[in-house]
Amino acid sequence: MARLVAPQQNQFSFSPLASSLSDFSGTRLQTQIQLKRKPWQPKGAFYVSASSTKKILIMGGTRFIGVFLSRLLVTEGHQVTLFTRGKAPITQQLPGESDSDFADFSSKILHLKGDRKDFDFVKSSLSAEGFDVVYDINGREANEVEPILDALPNLEQYIYCSSAGVYLKTDLPPHFETDAVDPKSRHKGKLETESLLESKGVNWTSLRPVYIYGPLNYNPVEEWFFHRLKAGRPIPVPNSGIQITQLGHVKDLAKAFVLVLGNDKASKQVFNISGEKYVTFDGLARACAKAGGFPEPEIVHYNPKEFDFGKKKAFPFRDQHFFASIEKAKSVLGWKPEFDLVQGLADSYNLDFGRGTYRKEADFETDDIILGKKLVGV
């Protein structure tokens with residue numbers, strides 16, 4: 001039988017940084033940039049009230065979304081177990097987190113080591129332990145979910161992290177939860193998972209984030225811009241730069257995940273989760289500069305069709321309008337994003353990149369190809 005283990009602490013020490021915040025909160029950008037830094041404080045108390053105490057399993061939980069979600073759930077008094085392969089530390093002290101808070105969290109979190117693709121192990125270990133609620137943060141395919149449902153016939157709720165990438169392209173944005181979906185999307189596995197949950201008759205809830213950002217982000221979203229700003233380089237942006245997109249802070253997403261727990265209004269429902277306002281590509285470059293206290297960036301526009309980057313990705317966003325309505329989550333759940341864009345980017349910068357931590361090294365190879373062609377006037 002699988003054994004639950006309380007992991008050892010993996011401690012780091014952090015010191016506070018300074019930053020400047022602006023009142024920027026969407027596509028409207030001010031041309032003046034304030035470079036004088038003010039003392040930075042984390043925005044708001046990271047706490048939200050939820051339902052009665054539950055025995056909760058998080059599939060994943062050691063990276064990004066799960067790190068913040070697990071802390072909220074433990075703070076609520078729930079018994080939280082992380083199911084992972086054990087390749088990453090189960091707990092790590094967050095930037096700005098006190099030693100006492102980290103010690104308290106680490107003493108309460110439990111770990112179940114295994115591979116979710118080992119379906120026999122999943123069935124035996126989960127049925128032996130029994131859980132009230134499953135948060136599936138890293139599920140990609142429906143066949144990875146079915147063994148979990150088989151192992152937990154008395155499951156009260158299955159809460160799934162889907163993606164707004166499941167929607168079919170539209171001429172009438174933003175995307176609503178009732179919009180057509182794309183069965184050929186690269187996120188089709190998430191669509192199939194939502195269909196499986198519905199067909200099994202379980203109590204499920206699915207959240208569809210757009211682009212997620214914030215401290216510990218393993219996707220090169222804001223980090224891509226911060227690398228170029230720090231290096232004092234121009235920022236290459238495809239085409240006109242007025243393509244509109246949307247970002248949501250990871251802490252706001254974590255709070256939405258807690259709000260659906262045990263919430264009858266969230267039963268068998270899908271919710272888009274992201275930021276309050278939309279932003280253009282050019283606007284995002286400027287917002288990242290403001291958040292990090294950098295001068296206004298030089299933005300270079302290019303036509304991607306004129307270049308062959310091979311397998312390299314020259315820009316971290318899909319080159320199209322891509323944003324979703326969050327009105328359903330606001331009206332049904334009473335959820336509202338706490339962070340506006342620059343505040344959220346400043347939170348990410350000060351708690352991560354600005355401390356010298358990031359997931360990927362800077363790579364300017366495609367930038368140099370673009371800028372080289374611009375310089376020779378080809």
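All residue numbers in this chain count up from 1 along the given sequence.
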Using 30° and 60° as the class boundaries, would you call the ring planes of [X] and [Y] parallel, tilted or perpendicular?
X	Y	value
Y278	F323	tilted
F315	W224	perpendicular
F353	Y358	tilted
F257	Y135	perpendicular
Y158	Y160	tilted

Practice item. Evaluate salt bridge (Lys or Arg N to Asp or Glu O under 4.0 Å) for E198 paired with K268, printing each intermediate quantity in order. Key: CA-CA 7 Å; E198 178 68 26; K268 299 184 178 182; 5.1 Å; no
Pair [X]-[Y], side-chain donor/acceptor within less than 3.5 Å:
X	Y	answer
Q157	K54	no
H187	S162	no
H78	D132	no
E192	N143	no
R63	N138	no

For [Y], is there any backbone N or O sitting under 3.5 Å from a side-chain donor or acceptor partner on [X]?
X	Y	value
Q243	P238	yes
N219	V221	no
E156	V133	no
Q93	E97	yes
S348	L345	no
N272	S325	yes
E306	P304	no
D252	F339	yes
H301	S240	yes

Point to revise | Member of I244, V342, T245 meeting the side chain to side chain contact (heavy atoms under 4.5 Å, CB included) criterion with V279 | key: T245
Practice item. Please say which of V145, L112, I148 ends up in a side chain to side chain contact (heavy atoms under 4.5 Å, CB included) with V122. Key: I148
**Study point:** Pairwise distance CZ(R355) to OH(Y349) - rounded to 0.5 angstrom
**Key:** 11.5 Å
Review point. Does the side chain of P316 come within less than 4.5 Å of Y211's, by heavy atoms?
Key: no
Review point. Hey, are the side chains of F317 and L247 touching, using non-hydrogen atoms and a 4.5 Å cut-off?
Key: yes
Practice item. Determine, for F307 and K373, whether the Lys NZ or Arg CZ falls below 6.0 Å from the six-membered ring centre while staying within 45 degrees of the axis. Key: yes
Check your understanding: For F64, is the NZ or CZ atom of R359 found under 6.0 angstrom from the centre of its six-membered ring and inside 45 degrees of the ring axis?
Key -> no
Review point. Between H249 and Y213, is the ring centre distance below 6.0 Å?
Key: yes
Practice item. Apply the test salt bridge (Lys or Arg N to Asp or Glu O under 4.0 Å) to residues R233 and D368: give CA-CA distance (whole Å), side-chain angles for both, the deciding distance (0.1 Å), then the verdict. Key: CA-CA 10 Å; R233 295 177 61 97; D368 291 339; 2.5 Å; yes
Exercise for review: Taking all non-hydrogen atoms of both residues into account, name the closest pair between F119 and E144 and its distance.
Suggested key: CE2-CA, 4.0 Å
Revision key, fill the gap. Closest non-hydrogen atoms of G275 and P337, given as atom of the first, atom of the second and distance, are C-CG, 4.2 Å
Practice item. Answer yes or no: is there an ion pair linking D136 with R116, defined by an N-O contact shorter than 4.0 Å? Key: yes
